[in-house]
Amino acid sequence: QVQLVESGGGSVQAGGSLRLSCAASGDTVSKYAMGWFRQTPGKDREFVARISKSGGTTYYADSVKGRFTISRDNAKNTLYLQMNSLKPEDTAVYYCAADEKITIAPMTASSYDYWGQGAQVTVSS
């Protein structure tokens, strides 16, 4: 029902900041809880953050807590991930995802119904 396109990826120095955007089209994004995941070669897709439909509730992986902030602007049909104090271990392809149903396992990739194509984030030391 919904198409997702990430943007804002790139290369930064350790300690720097970057903001990813995920633009949704084809449907009203307010009907979806949204999440960010990341993946490196040879590893499963890793949960990063999740935000409720209204934006009132957020969840973060321990590895990014205090550094990353997930937010959404439903009027613009857009999801964001603000990444501060970036570390080399944050290097990955980042994906946004949409979850239409009430999910038992909100931090599990298989719980999400729609995915973007991914955006590369590279953090150099």
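Quick note: numbers below take in every heavy atom, side chains included, and nothing from hydrogens, waters or symmetry partners. These numbers were taken from a predicted model, which means no experiment stands behind them.
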Item to check | Between CG on residue D44 and OG on residue S110, distance to nearest 0.5 Å | outcome: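 Those atoms lie 10.5 Å apart.
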
Next on the checklist: Please report the interatomic distance CZ(R67) to OG(S85), rounded to the nearest 0.5 Å.
Outcome noted: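 With rounding to 0.5 Å, CZ (R67) is 7.0 Å from OG (S85).
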
Can you name the closest pair of heavy atoms from [X] and [Y] and give their distance?
| X | Y | result |
| --- | --- | --- |
| E46 | S63 | OE2-OG, 3.9 Å |
| I70 | M34 | CD1-O, 4.1 Å |
| L79 | G35 | CD2-O, 4.0 Å |
| T40 | A92 | CG2-CB, 3.7 Å |
| Q120 | V93 | OE1-CG2, 3.3 Å |
| A33 | R72 | CA-NH1, 4.1 Å |

Under 3.5 Å, side chain of [X] to main-chain N/O of [Y], donor-acceptor pair present?
| X | Y | result |
| --- | --- | --- |
| T91 | T122 | no |
| R45 | Y95 | no |
| E6 | C96 | yes |
| N77 | V29 | yes |
| Y114 | Q1 | yes |

Next on the checklist: Taking the ring of W36 and the ring of F68, is the distance between their centroids below 6.0 Å?
Outcome noted: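 No, too far apart.
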
Checklist entry - Taking the six-membered ring for Trp, are F47 and Y59 ring centroids under 6.0 Å apart? => result no

Side-chain donor-acceptor contact under 3.5 Å, [X] with [Y]:
| X | Y | result |
| --- | --- | --- |
| D99 | S111 | no |
| Q82 | R19 | no |
| Y112 | R50 | yes |

So do [Y] and [X] actually touch side chain to side chain, heavy atoms under 4.5 Å?
| X | Y | value |
| --- | --- | --- |
| K53 | N74 | no |
| V64 | M83 | no |
| Q13 | V123 | no |
| T69 | L81 | no |
| D90 | V121 | no |
| V2 | Y32 | yes |
| D73 | Y80 | yes |

Checklist entry - Going through the checks in order, is the salt bridge (Lys or Arg N to Asp or Glu O under 4.0 Å) test met by D62 and K65? => result CA-CA 5 Å; D62 288 342; K65 197 172 298 181; 3.2 Å; yes

Checklist entry - Are I51 and F37 connected in the hydrophobic side-chain network, where two residues link if heavy atoms are under 4.5 Å apart? => result no

Checklist entry - Can you hop from V48 to V12 via hydrophobic side chains spaced under 4.5 Å? => result yes

Next on the checklist: Using the rule given for side chain to side chain donor-acceptor pair (under 3.5 Å), can you reason through N84 versus S17, listing the C-alpha separation, both sets of side-chain angles and the distance that settles it, and then say yes or no?
Outcome noted: CA-CA 4 Å; N84 297 328; S17 297; 2.9 Å; yes

Checklist entry - Counting heavy atoms not belonging to K31, are there more than 12 under 6.0 Å from its NZ? => result yes

Item to check | Over 12 foreign heavy atoms within 6.0 Å of NZ, K101 | outcome: yes

